[in-house]
Structure formats: structure tokens, C-alpha cells
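Chain identifiers are assigned alphabetically (A, B, ...) following the order of the sequence lines, protein sequences preceding nucleic acid strands; residue numbering begins at 1 within each chain.
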Number of protein chains: 2
Amino acid sequence: MKKTGKNIHSETICAVDYAFQRIGGKHKGRVIYHLRNGVRRYGELRRLLTGITAKMLTQVLRELEQDNLVTRHVYLEVPPRVEYQLTDTGRELLPFIILLSEWGRKQMGMETAVSC
Amino acid sequence: MKKTGKNIHSETICAVDYAFQRIGGKHKGRVIYHLRNGVRRYGELRRLLTGITAKMLTQVLRELEQDNLVTRHVYLEVPPRVEYQLTDTGRELLPFIILLSEWGRKQMGMETAVSC
DNA sequence: CAGAATCCTGCGAGATACTG
DNA sequence: CAGTATCTCGCAGGATTCTG
């Protein structure tokens, strides 16, 4: 609630732009992609998303949560456990994220391609 | 050829990331979207893409061209005419750009939504 | 008309250190 | 384990001016 500046939901522009703002950014696509098979813990995501810092992962997850694309479930245990999962809305994005990843893989040439 | 720094095609990472690097950025999605119906002139694009500067439009178009997503056809006339068009590869992205825009429109609520 | 050349700025994102 | 809190900086992207 502190960042009043860049609010996606204000005076919007174009649907394509809007969508890109919600799933764009450096890591959002990848995060969604790695949530495709269901529930993931924070630590799992950190391991899956190589090259992302804790800060960015947290930030991305929070944004996705605010945008109602993922849910965050905190288990009050010791040690703490937090699980993330796509919402229905987020899930609607999957087909197209996967499409995109297939396109990317194809473009890269299958040899160099890594699943992620 | 001057910017040796950020080269997409070097030591790539994840297919999703790769794809996002090619169609990400602030305006790329929109440009592709506006080329969906075929040939567009530079000036047309400028008018269609409200809020984009000449510099950015040119830059985006050049990047898309280098990435083999659009073709650039210069007519040696006075006044000059330059037409842009999606390549086959670029065209493969359309389904998903359109999907994305529909998703975006839906999310925004149809009232506020503008075609672009 | 379709750009190229400059200059300039904000903020996206990295590194590092600390905590319930 | 799953985060926060700072500090810092590069570069994406804007404004403006000039040109074939």
C-alpha cells in the first residue's frame, strides 16, 4: 500500500499492455511457469528459478498475489512453511505461457534448450 | 552492432525467459498486436501506438527485425515510405498475443477496456 | 515522411546483511 | 525456512532536436 505511484489498475491503456504489465517483468513468466504443476513452496521456487534473488522472488510473488494470480498459504509451523499456488485466473494464463515457452524453445534450437 | 552487452542469443537460460526477452519490453507486445492484420507503415504505427516516442518505436521495430519477427520494406520514393510486416515466425506469436489481449480485456472489465 | 543523434532520468533489480 | 531492510547502479525508456 506504500507504492501509490505505479498502479496497474489505474487509468489503463491497452489490453495487451495491461496484460504485459501483469505478467511481464523479468521473472514473472518463469514463476508462473514453475507453478504450472500445482503447489510449490518458497524454497522450491528459489531452487527452481536459478538466478533470482530472494528479494525479487518475494516481490514477484507478492505482486502476483495482489493481482490475484497466485495464492499464498502460510502454515504456522516451525520451521515455517509457505506454499504458493496459481489461482483460477492465473491458471487461465498457463496455456499461453506454455505456448510461449514452446515457441521460445523452438526458436532457440532444441539443442541449447533447457526446460528451465 | 555496437551494443555487445545484452545479447539475447548468448548463453540462454529458460525458454520462457528467452521468449519474454524477445517479446517483452514496454511496447513490443503492442507493436506485434498492431501488425496482426498485415502491413503497416511507420506513421500508421505511430498513430496507433499512442504514447510511444519515435525513438522507441524505431528501436522496437529494429529489434523485432533483428529477431526476425518483422520485415522492413523501404520504398525509394519521395516522400519516403516504409512498411512493416510480421514474418512467419512473428505470426506464430499472434495467437498468444491475441489470447493475452483477450485475457487482459476480461481482467480489466469490459467497460474500461479499449481495443487499444 | 521516417527516421538518427543526444542528453537525461527513474526505477527495476542486484548485492548484502539481518530476523521471527 | 521464509522472508525483510538498505544501499546501490545500469540501462530501459523519455524529451528534444536535427536530417535525407
Spacing of [X] atom [atom1] relative to [N] atom [atom2], expressed in whole Å:
X: Gln59(A); N: dT6(D); atom1: CD; atom2: P; result: 16 Å
X: Glu63(B); N: dG3(C); atom1: CD; atom2: P; result: 15 Å
X: Met56(A); N: dT16(C); atom1: CE; atom2: P; result: 17 Å
X: Leu76(A); N: dG20(C); atom1: CG; atom2: C1'; result: 12 Å
X: Leu57(A); N: dA2(D); atom1: CG; atom2: C1'; result: 10 Å
X: Arg47(A); N: dG3(D); atom1: CZ; atom2: P; result: 13 Å
X: Arg30(A); N: dA13(C); atom1: CZ; atom2: C1'; result: 13 Å
X: Leu49(B); N: dG14(D); atom1: CG; atom2: P; result: 12 Å

Self-check item: Spacing of Lys28(B) atom NZ and Gln59(B) atom CD [to the nearest 0.5 Å]
Solution: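 Nearest 0.5 Å value for the NZ-CD distance: 8.5 Å.
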Quiz item: At what distance, to the nearest 0.5 angstrom, does CZ of Arg81(B) lie from CG of Leu76(B)?
Solution: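 Result: 11.0 Å between the selected atoms.
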Quiz item: Between Glu44(B) and Lys55(B), which has a closest nucleotide on DNA chain C that is more 5'?
Solution: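 Of the two residues, Glu44(B) wins.
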Exercise. Please tell me which of Thr53(A) and Arg46(B) maps to the more 5' nucleotide of DNA chain C, matching each residue to the nucleotide holding its nearest heavy atom.
Key: Arg46(B)
Quick one: is [N] close enough that its OP1 or OP2 comes under 4.0 Å of any side-chain N or O from [X]?
X: Arg62(A); N: dG3(D); answer: yes
X: His73(A); N: dA2(D); answer: no
X: Arg72(B); N: dG3(C); answer: yes
X: Tyr84(B); N: dG3(C); answer: yes

Contact class for [X] vs. all strands (heavy atom < 4.0 Å): base, sugar-phosphate, or nothing?
X: Tyr75(B); answer: nothing
X: Arg81(A); answer: sugar-phosphate
X: Arg41(B); answer: sugar-phosphate

Practice problem: Hey, can you tell me if Phe20(B) and Phe20(A) have their rings parallel, tilted or perpendicular (30° and 60° cut-offs)? | Solution: perpendicular
Self-check item: Close side-chain approach of His34(B) to Arg36(B), heavy-atom, < 4.5 Å
Solution: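 The answer is yes; the side chains approach within 4.5 Å.
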Quiz item: Pro80(B) has a side chain; which of dA13(C), dC1(D), dG20(D) sits nearest to it?
Solution: dG20(D)
Quiz item: If you check the Lys26(A) side chain, which of dG14(D), dG14(C), dG3(D) turns out closest?
Solution: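 It is dG14(C).
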Quiz item: Would Tyr18(B) and Arg22(B) count as having a side-chain donor-acceptor pair, cut-off 3.5 Å?
Solution: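 Distance-only check passes for Tyr18(B) and Arg22(B).
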